[in-house]
Amino acid sequence: MKVLCCVSHVPDTTTRIQFTPDGAALDRTGVTFIINPYDDFVLARAAELKEKSPTTVQVTVLCVGKNGASSADSVDGNLRKALALGLDEAVRIDAEAKDAYYVARQIAAYAEGKNYDLIMFGKESIDYNGSQVPGMVAALLGLPFISYATSITIENGKAHLTREITGGKEVLECPLPLVLSAQKGLAEWRIPNVRGIMQAKTKPLHVLPPVEILPRVRTLKHEPPPPKGAFKKIELDQIDQLVEELANKGLI
Amino acid sequence: MSAIAVWAEVSEGRYKKPTLEALTLTRQWADSLGLPVWAVVIGKELPTDSQQVLGDYGADRLISILDPQLEPFVNSAYARALSELIQQKAIRYIVIPQSYNGRAVAPLVAIWADAALFSGIIGVPEKEGEGFKARRIAYSNKGFEWVYTAHLPLIVTLKANAIVPAKNSRTPEQESFSFSPKAEDLRLKPIRVEKIATDKVPLTEAEIVVSGGRGLKGPENWKIIEELAQVLGAATACSKPVADIGWRPHHEHVGQTGIQISPNLYVAIGISGAIQHLAGVASSKNILVINNDAEAPFFKVADYGIIGDAFEVVPRLTEAIRKYKAQHSH
Ligand SMILES: Cc1cc2nc3c(=O)[nH]c(=O)nc-3n(C[C@H](O)[C@H](O)[C@H](O)COP(=O)(O)OP(=O)(O)OC[C@H]3O[C@@H](n4cnc5c(N)ncnc54)[C@H](O)[C@@H]3O)c2cc1C
Ligand SMILES: Nc1ncnc2c1ncn2[C@@H]1O[C@H](COP(=O)(O)O)[C@@H](O)[C@H]1O
């Protein structure tokens, strides 16, 4: 079984986000970039599949991105971390991730004709929170798409899945090949061990040129959230007034 | 004739809040462009109140795409139906609610109808030069982004709770569009839905959310959270560690790695306000923080704060609300 895991390269969750003075871009100075946390679920699930059938499961990890100026902003570094979970090879499409459509076209162009049985994504990337790339890739490749998947097991070429929906979950079946995007639950996060890290150093990491595609959506500018003033401090004997105020504002 | 189309999603036989919000945004956008609104309903049958509800929220036309195979929902079949409609009627603007199913449908339509996609916008798209711009939340609530495109068709998905549903009544004409899904769009087979047994509103749709953290010390203490939620008609939520240690079910976990919400009122009780927690809740319109540590980071994003012991404050608050509601109910 051939598995493709797509990962994005995003600012660490604890980063204080700042934009360049004109608002056009993220200010990358001092920012540590990590693999998107939802993509870690995907890598962990792939590592489980690989562990169960080491000789028949082949896992490729792919990112569309350019290495930044510092070691804290290295796509290749993050791809090696992914490989350290026991996965087979990494691919970097050497292009700036311009918009979701551009990224999806790059991934689809790479995957086309390679007969992946399972293509996995995170449910969204924590930088632009778009939830667009996975579905676009599925549509481009003509494959079924399961969004917000919380589990997958595979038996005789057929996948049994669950997906998160409003107020519950849906149980589904689908023949392979398929594309999914992962929500929490798909697998437990894993931390690579020393052996994995050593082995990852010599695993193949292919850097490929992008195909020529025009992006469709661009960012005009970013804005920081409006500064919050000090909160209104409520003493214990003012709770009645608080309730009054919340009610007057139509909140309760 | 051109129009703006909106997918009026039917969920459990009804048009729920995300659809009413999408209709409202569509009406406003349509008025700014001088176009009519076409509400598109996809499924096995039309809910009986369709003409009434869709008309109330501004639809000029109701286009139904009905086929026995369109129940239960399968994203690729719905996306194919929308794509064929968009192409045959040369529709250039499409609005889709950013519900779970909306997210599963929109990117497929973007490819099949060869459209640009703005995901999770929070206001009406505005004309800008040759194209349109719209505002959305980025970096997990740590910033906003203005996106722009001059590519048409343009699909937008609307973030939940970003705008308030508003009526704009009219009587829609009715039309049916013929479509049957092909086998390749039905490869994914829904088997069953498992609802979380709860009488509460789903977290993502709730207008008020009462949430508890590790400060509550143990699962046996959740009664005060439940009682406050009950008088408020609120959904309940929790921080990640609380779900991880099993004090509360996983489906209540909000934040970066859990569910993202933006209710009108978020009440955070015994939660420190770590950045990963805020990533899921900071777009709430109003935040009330109850914490016994005046230095808790949550206070930095609070609108109202009570510095005190949850076990003392929460029952008092519940009682005050109960009293207020009793006095003001008719
Ligand atoms: C990659 C990653 C992803 C994460 N994702 C999430 C996520 O999605 N959601 C999430 O919530 N967390 C997430 N976390 C964890 C997050 O960093 C925090 O650890 C977590 O939110 C803390 O939970 P808490 O506030 O309940 O507990 P604590 O940090 O222990 O805070 C408890 C609070 O309760 C207060 N308190 C104590 N006693 C009382 C009392 N009697 N009355 C009133 N207040 C009291 C304390 O002052 C304190 O502020 C993530 C972490 C990582 C690394
Ligand atoms: N530049 C990228 N390279 C590879 N995969 C990506 C990239 N951007 C997004 N993805 C994948 O698509 C998922 C959803 O991202 P998004 O649509 O940007 O919210 C992520 O969790 C990744 O799995």
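Within every chain, numbering begins at 1; the chains are lettered A, B, ... in the order of the sequence lines, protein sequences first and strands thereafter.
Panel note: side chain R216(A), backbone A115(B); a donor-acceptor pair is recorded below 3.5 Å. A distance-only check finds a donor-acceptor pair linking the side chain of N129(A) to the backbone of Y139(B) [under 3.5 Å]. Listed for the K300(B) side chain is no donor-acceptor partner under 3.5 Å among the backbone atoms of A230(A). A donor-acceptor pair is defined here as one N or O able to donate and one able to accept, closer than 3.5 Å; such a pair exists between the side chain of N75(B) and the backbone of F145(A). Distance alone, capped at 3.5 Å, places no donor-acceptor pair between the K184(A) side chain and the I259(B) backbone. No side-chain donor-acceptor contact under 3.5 Å links K233(A) to the backbone of G305(B).
Across all non-hydrogen atoms, the minimal contact from N264(B) to L251(A) is O-CD2, 3.8 Å. Nearest heavy-atom pair, T14(A) versus K142(B), reported as atom, atom and distance to 0.1 Å: C-NZ, 4.3 Å. Taking every heavy atom of both residues into account, G130(A) and S119(B) meet most closely at O-OG, 2.6 Å. Nearest heavy-atom pair across I146(A) and L188(B) is CG1-CD1, 3.4 Å. In terms of heavy atoms, S140(B) sits closest to I126(A) at OG-O, 3.2 Å. The two residues Q132(A) and P107(B) have their closest heavy-atom pair at O-CB, 3.4 Å.
Looking only at atom types and distance, the side chain of Y100(B) has no donor-acceptor partner in the side chain of E170(A) under 3.5 Å away. Checked by atom type, the side-chain pair K169(A)/H251(B) shows no donor-acceptor distance below 3.5 Å. Under the 3.5 Å distance criterion, with hydrogens and angles disregarded, no donor-acceptor pair is assigned to the side chains of T13(A) and Q256(B).
T219(A) pairs with exactly one of R136(B), E145(B), K133(B) by the side-chain hydrogen bond (donor to acceptor under 3.5 Å, both in side chains) rule, that one being E145(B).
Atom OG1 of T257(B) and atom OH of Y38(A) lie 6.0 Å apart (nearest 0.5 Å).
Of the residues considered (T149(B), L265(B), I306(B), D303(B)), D303(B) shows the highest number of contacts with chain A, using heavy-atom pairs under 4.5 Å.
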